[in-house]
Amino acid sequence: MKIYLAVLLLGSAAVLQASLLPLLFGEAVPDLVFVLLLAWAIHADTRTGVAWAFVGGLLLDLLSAAPLGTSIVGLLLVVFLVSGLGTQIYSISLPLVLLLAAVGTLLRLGALYGLVVVMARAGLLGFPEQPSALVFLPDPASTILPTLLYNLILIWPAYWLIRRGQRRWLRSE
Amino acid sequence: MERPNNRLNLFFTSIVVCGVLIGVSASGVLGPLERLAATPLEWLSGIVTRITLTVSGETEDARDYAELQSYVAELEEAFARVQTEVVGLREIASDYQRLARLVDYASAFDSRSFIAADVISRETVSVLRTIVINRGTRDNVRVGMPVVTENGLVGRVINVSANAARVMLVTSEISSISGRLQTSRAEGTVTGLPGGTMRMSMLPQDAQILVGDLVLTSGLGGNLPPDLVIGQVNSTRQFESAIEQTAEIRSLIDFDRLEIVMVITSFEPVDLSIFETRP
């Protein structure tokens, strides 16, 4: 059941991220899949988080030109970051969630762009070879920073909603 | 409680799976499967995109329509302003032409002093055909002063206030002016008729009256200066039994459209009443 919920939530987020949000925000869009994954992973076990990362990453990759798995790596890093910190932290606060969102965004985007650059240089993207694969590197001011800002804005309401859903889910079980 | 080693194993396993997945996907082996899996997602994305574009397009259309409406309103406002300006300019041009003609007329009488005045009201439908001008005693306008245009005599001032004066038109039925035919020099009395025309009576029976001949003021009686154009002979009438002739006269002035006139301020009517007193 949980995986169906993940597919439904993350699928909707991926579709919106690929269709509606670029029309509204332009080049830099809120990373809805990442935000939902982070909000879920904070109070979930690592295996569930990994499952969400695979589902979300696959959905994102299906809607992009990148090979399957490219987006999963960054999301996995986020899940294991949260999972690793989870054993050290006993209460979740807004600053911590914001910090996780900021670090997670940089980890996810760093992994994603790093992989893309490596694959471009290795000729694994299926595009004609470029003189320099650095053309794929985004401009931080126009893409990474706005995305970071959007994620920071969205993470708290997303966390609040997901947390309420998780509690209701646990009571019903 | 998850053990760190388990988590580490899970992490490495996940990363390896990802690596394999990337490699297989990049090799193209999963191409058909990827396309199949992507189809519903792309279909959904297409629907969302179309809806978004439709909504945003209609919003833009509505915004464009509103902008166009605003633009049209601005243009209409500008057009109305320009029209008002054009009307004002036409009015100025018209006034200029009239004043230029008046100046030409006034320059022909260098010895006379004129003051221009605007017609501010009229009562041409009443028996007492009068107009009111915006000049009065403050402008040295006095009762009895002649009022003219470039086309001839308008009338005489009959009442005057500080800043206005009432002028009795020559077409008034109670107006009586001594006139003279320009060609024959025959003299008579010009009075107003109900239709807005004038009649010149008391013309000698042997006087030659030509239709179209100009009728001028004679200056007899001292009420008006001589040689002001009163009008033009329109028709004549002569009765066999009568000892005089009459002529119907039409003024050259369109009194219904009279806007600017000139008062001859240098003329002072002569008071002849002293000679009428009998001992």
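Letters go in sequence order (proteins before strands), and every chain restarts at 1.
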| request: Select one option (side chain, backbone, both, neither) describing which atoms of B:Leu30 are under 4.5 Å from chain A's heavy atoms. | output: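 Contact with chain A involves the side chain of B:Leu30 alone.
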
| task | Quickly, which of A:Ile72, A:Asp61, A:Thr70 forms a side chain to side chain contact (heavy atoms under 4.5 Å, CB included) with B:Leu21? Name it, please. | result | A:Ile72

Atom group of [X] that falls short of 4.5 Å from chain B, counting heavy atoms:
X	answer
A:Val73	both
A:Leu63	side chain
A:Leu59	both

| field | Closest approach of B:Cys18 to A:Gly69 (non-hydrogen atoms, all atoms of both residues) | value | SG-O, 4.2 Å

| task | Could you tell me which of B:Ile51, B:Leu44, B:Ile22, B:Ile47 has the largest number of non-hydrogen atom pairs under 4.5 Å with chain A? | result | B:Ile22

| query | If you tally heavy-atom pairs under 4.5 Å against chain A, which of B:Ser25, B:Gly28, B:Ala38, B:Ser27 wins? | reply |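 If we count pairs closer than 4.5 Å to chain A, B:Ser25 comes out on top.
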
| said: Could you walk me through whether A:Val50 and B:Phe11 satisfy the side-chain contact (heavy atoms from CB on, under 4.5 Å) test, starting with their C-alpha distance in whole Å, then the side-chain angles of each, then the deciding distance to 0.1 Å, before giving a yes or no? | reply: CA-CA 9 Å; A:Val50 168; B:Phe11 174 71; over 6 Å; no

| task | Please report the C-alpha distance between B:Leu10 and A:Phe80 in whole Å, then the side-chain angles of each, then the deciding distance to 0.1 Å, and finally whether the side-chain contact (heavy atoms from CB on, under 4.5 Å) criterion is met. | result | CA-CA 9 Å; B:Leu10 185 60; A:Phe80 282 102; 3.9 Å; yes

| said: To the nearest 0.5 Å, what is the distance between CG on B:Leu8 and OG1 on A:Thr46? | reply: 11.5 Å

